[in-house]
Amino acid sequence: MKIPVLVMLTASLALPLCAQTFPSAAETDPNAMGWMQGFPPPPDKTLSAADGSFFVFPALRYSVTHMREFLPTRAVPAQAQKPAELKTRLDADIDNITFIPTGQTAPMTWREAFDTNYTDGVIILHKGRIVYERYAGSLTQDGIHAAMSVSKSFTGTLASILIAEGVIDETKFVREYIPELSHSAFADATVRQVLDMTTSLKYSEDYNDPNAEVWQFTAAGNPYRPADYSGPRGYYEYLASVQKMPGQEHGEKFGYRTINTEVMGWIISRATGKSITELLSEKIWTPMGAAHDGYYQLDPTGIAFAGGGFNLNLRDMALFGELLRNNGKAGRKQIIPEQAVADITRGGDKEVFARGDHPELVGWSYRNMWWITNNKNGAYCARGVHGQTIYIDPAAEMVIVRFASHPMAANSYNDPWSLPAYQAVADYLMR
């Protein structure tokens with residue numbers, strides 16, 4: 001059976017960590033493994049999106065920096081002239097910062113955690129300067145990498161901007177923007193409930209369940225469907241088929257579901273008459289001075305995958321994180337309305353979050369498709385499978401951005417080595 005392409009991006013969520021033994025980051029270095037090298041590459045080094053081989057570990061360590069070679073995409077144009085520059089003052093002592101991983105007793109250094117998390121690249125900004133920058137695998141300073149579900153926070157930020165500008169009303173029902181969803185679960189959900197993922201949906205992203213609705217969603221977005229496929233032709237058509245969870249109303253509990261972001265992307269495009277790719281370039285990417293074009297993966301109807309399809313440069317992602325840390329300002333220029341940033345950082349309902357599907361994130365909340373830690377530093381973050389991160393710590397005046405290709409998709413497999421490390425760096429920078 002061929003596995004739908006987009007399922008491959010998250011299917012490793014289904015594999016229990018205790019049952020998996022993986023070779024190290026050094027042993028799976030994509031440059032050493034020789035993927036897609038030669039004219040043509042040898043059969044055992046050839047990867048394909050059609051059969052899903054391009055996203056099976058360790059091949060995914062190559063594919064995350066070459067998605068455009070496997071899937072249809074559309075560009076997010078960057079600043080054509082005079083891109084923004086990040087000043088650098090590297091601090092060699094950061095590699096030696098120690099922390100104790102969650103659930104363990106032995107300390108680990110920041111440098112050791114880099115390989116433990118199969119990191120492809122990481123940048124730490126302090127007060128707007130690069131104090132740490134390191135790359136590995138197939139990622140270079142000028143390279144592009146898949147952001148996975150960090151994409152959701154870009155969609156949420158666009159929505160926050162449009163709400164602040166009065167273009168979108170968060171109190172309106174989805175059906176008021178998208179009549180095509182009038183007979184779906186989303187019809188009587190508010191824009192706010194979609195943004196905070198408190199919708200009631202008969203939709204499972206449990207990859208252990210062969211009957212889970214996620215398989216239908218990913219098949220709808222798969223550009224390599226079999227000839228006899230008769231399901232929904234693209235994301236939007238699939239969204240219209242989603243029904244409410246019996247016995248549950250919107251707003252009762254948090255439920256992390258990618259299809260909420262697809263609905264939000266549709267609302268944004270319907271309200272503005274512009275695609276996500278065009279609007280992101282216009283509202284954020286070009287004004288902030290991004291140096292590299294990003295790009296989104298597309299479904300068979302040409303719709304950008306708002307919930308997980310953005311690919312971008314690590315330094316540009318650091319610029320975006322710094323823009324948020326500075327309340328939407330780049331220098332003296334207000335790019336994201338301050339009201340929009342304040343709405344993100346205020347966080348969501350912690351009780352609603354606690355009733356949801358992430359009990360391991362005690363005390364956290366979710367707002368405008370950003371994860372809010374509610375920790376002592378007021379940190380908040382964007383998170384994507386396989387280790388993608390934007391971590392913003394206002395108290396420490398710190399932004400950490402990371403690309404990775406961890407063999408396990410879920411953040412729960414790298415959080416024990418990531419969250420304590422971020423706090424240790426923040427403590428170091430605040431000393």
Side-chain angles (χ1 to χ4, degrees), residues 6 9-10 71-76 146-165 167-170 172-181 184-187 189-199 201 203 205 214 217-218 220-223 232-242 255-285 294-312 320 336 340 344 366-370 382 384:
L6 293 176
L9 305 187
T10 47
L71 299 167
T73 63
R74 182 180 299 125
V76 176
M148 309 300 173
S149 287
V150 166
S151 308
K152 292 178 173 66
S153 297
F154 281 93
T155 302
T157 302
L158 284 176
S160 302
I161 292 170
L162 296 174
I163 290 170
E165 292 175 345
V167 176
I168 290 177
D169 182 346
E170 66 176 39
K172 283 190 173 182
F173 293 119
V174 169
R175 63 173 178 262
E176 297 180 69
Y177 287 102
I178 313 293
E180 295 92 327
L181 296 179
S184 76
F186 297 102
T190 64
V191 171
R192 168 53 52 201
Q193 289 164 339
V194 170
L195 266 175
D196 294 351
M197 295 207 189
T198 62
T199 49
L201 307 175
Y203 175 89
E205 289 191 3
V214 67
F217 167 68
T218 52
N222 184 5
R233 299 166 298 176
Y235 295 131
Y236 289 177
E237 191 170 318
Y238 174 78
L239 295 173
S241 71
V242 178
Y256 185 75
R257 304 289 184 269
T258 297
I259 55 176
N260 281 302
T261 311
E262 301 313 310
V263 169
M264 197 65 242
W266 195 354
I267 291 171
I268 288 169
S269 292
R270 184 61 60 83
T272 63
K274 298 178 180 180
S275 68
I276 289 288
T277 54
E278 182 181 4
L279 199 66
L280 181 57
S281 176
E282 174 189 311
K283 292 287 189 182
I284 298 174
W285 219 235
Y295 61 83
Y296 272 85
Q297 295 146 220
L298 306 177
D299 80 352
T301 67
I303 297 300
F305 180 23
F310 194 27
N311 296 250
L312 66 155
F320 176 68
I336 299 173
I344 292 168
Y366 194 80
R367 180 82 175 178
N368 292 8
M369 299 188 176
W370 285 85

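A donor-acceptor contact closer than 3.5 angstrom links the side chains of Tyr256 and Ser149.
Less than 6.0 angstrom separates the ring centroid of Tyr235 from the ring centroid of Phe217. Ring centroid separation for the pair Phe186 and Trp266 does not come in under the 6.0 Å cut-off.
For the atom pair Ile267 CD1 and Thr155 OG1, the distance stands at 11.5 Å (nearest 0.5 Å). To the nearest 0.5 Å, the span separating CE on Met264 from CE on Met369 amounts to 7.0 Å. Atom CG of Asp196 is separated from atom CZ of Arg367 by 5.0 Å, given to the nearest 0.5 angstrom. Remark: Thr157 OG1 to Lys283 NZ distance equals 13.0 Å, nearest 0.5 Å. The line from CD1 of Ile336 to CD1 of Ile344 is 7.0 Å long, rounded to the nearest 0.5 Å. Atom OG1 in Thr301 sits 7.5 Å away from atom OH in Tyr236 (nearest 0.5 Å).
Looking only at side-chain heavy atoms (C-beta outward), Leu181 and Arg175 stay at 4.5 Å or farther from each other. The shortest distance between side-chain heavy atoms of Met197 and Tyr366 falls below 4.5 Å. Inter-residue side-chain proximity for Val263 and Ile178 is flagged as unmet; no heavy-atom pair is nearer than 4.5 Å. For the pair Val191/Asp169, no side-chain contact is recorded, criterion being any heavy-atom separation below 4.5 Å from C-beta on. Contact annotation: the side chain of Thr272 never approaches that of Leu158 to less than 4.5 Å [non-hydrogen atoms, C-beta and beyond].
Between the Glu176 side chain and the Phe173 main chain, a donor and an acceptor come within less than 3.5 Å of each other. Here the side chain of Ser160 pairs a donor or acceptor atom with the backbone of Gly156 at under 3.5 angstrom. In this structure, the side chain of Ser184 does not engage the main chain of Ser241 through any donor-acceptor pair within 3.5 Å. In this structure, Arg74 contributes its side chain and Leu298 its backbone to no donor-acceptor pair below 3.5 Å. Between the Thr199 side chain and the Leu201 main chain, no donor and acceptor come within less than 3.5 Å of each other. Between the Thr73 side chain and the Tyr296 main chain, no donor and acceptor come within less than 3.5 Å of each other. Judged by distance alone, with hydrogens and angles left aside, the side-chain atoms of Glu205 form no donor-acceptor pair with the main-chain N or O of Arg257 at under 3.5 Å.
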**Message:** side chain to side chain contact (heavy atoms under 4.5 Å, CB included), that's the test. Do Asp299 and Phe305 meet it? Break it down for me.
**Reply:** CA-CA 7 Å; Asp299 80 352; Phe305 180 23; over 6 Å; no
**Asked** What's the verdict on side chain to side chain contact (heavy atoms under 4.5 Å, CB included) for Ile168 and Tyr177, showing C-alpha distance, side-chain angles and the deciding distance?
**Response** CA-CA 9 Å; Ile168 290 177; Tyr177 287 102; 3.9 Å; yes
**Request:** Under the side chain to side chain contact (heavy atoms under 4.5 Å, CB included) rule, what do Leu279 and Leu162 come out as? Steps first, then yes or no, please.
**Result:** CA-CA 10 Å; Leu279 199 66; Leu162 296 174; 3.9 Å; yes
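Shown here for Gly308 and Ser151, the closest heavy-atom pair between the two residues is C-OG, 3.4 Å.
In this structure, Phe320 and Phe154 have parallel ring planes: the angle between them is below the 30° cut-off, well short of the 60° mark.
Results of the side chain to side chain donor-acceptor pair (under 3.5 Å) test with Lys152 over Thr258, Thr261, Asn368 single out Thr258 as the only residue that passes.
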